[in-house]
Amino acid sequence: MTTSREDTRAAGLAAEAAALADGTVTSVQLTRAALERIEATQGTLNAFRVVRREAALAEAAEADRRRACGDRHPLLGVPIAVKDDTDIAGEPTAFGCAGEFPPQDYDAEVVRRLREAGAVIVGKTHSPELGQWPLTGGIAFGHTRNPWSREHTPGGSSGGSAAAVAAGLVSAALGSDGAGSVRIPAAWSHLVGIKPQRGRISMWPDPEAFNGLTTHGVLARTVADAALLLDAVSGNHPGDRHHVDPVTVTDAVRQDPGRLRIALALRTPFTATRTRLTPEVRAGVDSIARALRDLGHEVTVADPDYGITFGLNFLPRSMAGLDDWLHRLPDPSLADVRTRANARTGRLLGGAPLRAARAYEPRLRRRVGAIFDRFDVVLAPTTAMPPLPIEAIDDIGGWQTDKVITAACPYAWPWNVLGWPGINVPAGFTDAGLPIGAQLLGPANSEPLLISLAAQLESSLCWHEAIPERWW
């Protein structure tokens with residue numbers, strides 16, 4: 001890795017917005033440069049499913065016209081990437097799947113809000129098939145590679161977005177998080193990744209996604225950039241199942257969080273397969289704990305009470321969600337055999353088991369939330385292992401796949417069941433130079449506190465200064 005910035009990389013979301021505002025660059029210039037970076041790396045990083053060259057340049061020209069007429073929207077003219085599970089009018093939504101997908105007629109609500117803020121959408125980033133796995137690859141597009149190591153995955157399922165931001169193709173990107181799918185690739189790509197409170201960002205045109213497990217999230221190199229994008233896309237549609245009161249999280253970036261009581265939680269929730277926190281990841285999380293203590297916070301080893309049945313709440317919701325999505329595909333027979341098997345399981349669990357899981361969620365919140373009677377924030381590993389090789393789950397069966405992904409990523413999914421916010425922060429590197437992450441987790445609607453704490457850590461650790469050596 002290196003700590004010097006190359007001029008050809010995206011400068012950061014806030015920096016690009018400021019450069020546009022003071023007239024030192026135009027949106028057409030920024031967008032053309034981003035598109036050239038993307039197109040030059042499609043054969044190596046392979047981060048994008050759709051590259052919107054003509055449409056993006058037209059949007060950039062319109063942004064420049066709007067600015068000349070006095071428009072001052074916060075992201076006016078800034079190039080942004082969107083994960084390919086999100087509808088953009090005129091583009092297909094393949095969500096990592098093979099087949100011929102029709103263009104969508106309408107923007108998703110989150111995209112509408114991006115446009116309202118003035119962003120230029122340069123493309124749609126790769127996801128594994130229906131977002132199932134924490135690696136980004138599949139028969140539809142091959143493998144997306146990690147900018148920190150060409151032989152390793154950037155994580156998933158928002159792996160294309162993570163690779164695009166880590167490589168500096170764009171300054172920030174949207175992802176989605178249903179079991180850690182923003183936080184895991186952020187951890188494995190040395191990024192800040194925010195999974196907000198359920199309902200913070202609209203999932204429309206769906207009232208909710210994966211039975212409430214999944215929410216859109218944001219990836220960026222700095223806390224301030226992630227907060228800026230989160231504010232731009234937050235808000236509800238009348239058809240949303242989940243509504244929350246609005247907050248402005250960019251204000252929290254500059255706020256002192258005060259002296260906090262922080263639980264260092266290392267125990268994983270019960271899983272059916274073996275998990276083990278690797279020493280290098282443990283060392284990275286311990287380094288964040290030490291940094292928090294140095295900042296004056298009280299850090300104590302303590303674990304939430306997950307119980308032994310927590311996973312029984314997750315499984316019906318996730319598998320039934322896969323079954324719902326499989327029926328949207330133009331040709332479901334092209335899906336991975338593991339996807340079709342999971343969807344069949346979802347069909348079996350989609351009735352009474354799903355209803356029981358949803359009804360039990362408030363009791364889980366009370367049990368897990370009891371830790372916040374004693375602590376303000378939970379600090380936990382984001383993953384149990386460093387980034388996996390890109391081919392770690394290729395050509396293996398469903399049970400073997402489950403063992404690989406559960407061993408690597410047992411820490412993130414409980415907060416999706418609860419619907420509460422979490423932030424991945426970079427936690428250093430392995431001896432081989434692979435990124436490691438840690439999660440800051442809070443109770444309902446705690447994004448401002450988590451962002452304030454993450455920004456304080458960033459000012460101390462300066463993780464944003466490290467960027468990968470460019471091999472792509």
Please step through side chain to side chain donor-acceptor pair (under 3.5 Å) for the pair Glu391 and His143, ending with a clear verdict. CA-CA 8 Å; Glu391 299 175 345; His143 297 101; 5.1 Å; no
Does Arg365 come within less than 4.0 Å of Glu361, counting only side-chain N to carboxylate O? yes
Step by step, work out the side-chain contact (heavy atoms from CB on, under 4.5 Å) result for Thr339 and Trp133. CA-CA 10 Å; Thr339 300; Trp133 302 303; 3.8 Å; yes
Spatial distance of atom CG (Asn236) from atom NE2 (His243) [nearest 0.5 Å]: 5.0 Å
Does the pair Arg112 and Glu116 meet the rule for a salt bridge (charged side-chain N to carboxylate O under 4.0 Å, His left out), with working shown? CA-CA 6 Å; Arg112 187 195 69 78; Glu116 189 175 66; 3.4 Å; yes
I need the full list of ring pair (Phe, Tyr, Trp, His ring centres under 6.0 Å) pairs touching residues 61-98, with sequence neighbours left out, sorted by first then second residue. Phe95-Trp325
Should Leu114 and Leu229 be marked as a side-chain contact (heavy atoms from CB on, under 4.5 Å) after you check the CA-CA gap, both sets of side-chain angles, and the distance that decides it? CA-CA 9 Å; Leu114 262 184; Leu229 183 55; 3.7 Å; yes
Quick one: does any side-chain atom of Asp231 pair with a main-chain N or O of Thr250 as donor and acceptor, under 3.5 Å? yes
Output yes when Lys124 and Glu91 qualify as a salt bridge under the 4.0 Å nitrogen-oxygen rule, no when they do not. no
Side-chain donor/acceptor of Ser171 to backbone N/O of Ala11, under 3.5 Å: no
Exam field: side chain Asp240 to backbone Gly199, donor-acceptor pair closer than 3.5 Å: no
Please answer whether the main-chain N or O of Asn46 pairs with a side-chain N or O of Thr144 as donor and acceptor at a distance below 3.5 Å. yes
Considering all heavy atoms of both residues, which atom of Pro79 and which atom of Glu16 are nearest to each other, and what is their separation? CD-OE1, 3.9 Å
Which pair of non-hydrogen atoms, one from Ala380 and one from Leu441, has the smallest distance, and what is that distance? CB-CD1, 4.3 Å
Side chain to side chain donor-acceptor pair (under 3.5 Å) with Asn416: which of Arg198, Lys195, Arg183, Arg317? Arg183
Distance-minimising heavy-atom pair for Thr86 and Thr93: O-OG1, 3.7 Å
Between His126 (side chain only) and Phe48 (backbone N and O only), is there a donor and an acceptor less than 3.5 Å apart? yes
Should the pair Trp420 and Trp415 be assigned to parallel (<30°), tilted (30 to 60°) or perpendicular (>60°) ring geometry? perpendicular
Set out, in order, the CA-CA distance, both residues' side-chain angles and the distance that settles side chain to side chain donor-acceptor pair (under 3.5 Å) for Ser161 and Lys83, then state yes or no. CA-CA 6 Å; Ser161 287; Lys83 184 178 177 180; over 6 Å; no
Rounded to the nearest 0.5 Å, what separates atom CZ in Arg53 from atom OG1 in Thr31? 10.5 Å
Asp64 side chain to Val28 backbone, donor-acceptor under 3.5 Å: yes
Taking atom types as modelled, is there a side-chain donor on Glu458 or Thr222 under 3.5 Å from an acceptor on the other? no
Measure from the side-chain N and O atoms of Ser202 to the backbone N and O of Trp204, and report whether any donor-acceptor pair falls under 3.5 Å. yes
Mind running salt bridge (charged side-chain N to carboxylate O under 4.0 Å, His left out) on Glu109 and Arg113 for me, showing each step along the way? CA-CA 6 Å; Glu109 175 67 10; Arg113 289 177 179 271; 2.9 Å; yes
Where Ala179 and Phe314 come nearest, the two heavy atoms and their spacing: CB-CZ, 3.7 Å
Run the numbers on Val122 and Ile80 for side-chain contact (heavy atoms from CB on, under 4.5 Å), then give the verdict. CA-CA 6 Å; Val122 292; Ile80 296 289; over 6 Å; no
Any idea which heavy atoms bring Trp413 and Pro269 closest together, and the distance? CZ2-CB, 3.8 Å
Pick out which of Thr153, Asn424, Thr383 makes a side chain to side chain donor-acceptor pair (under 3.5 Å) with Trp188. Thr383
Trp463 side chain to Gly428 backbone, donor-acceptor under 3.5 Å: no
Heavy atoms only: give me the nearest Ala320-Asn211 pair and the separation to one decimal. CB-ND2, 3.8 Å
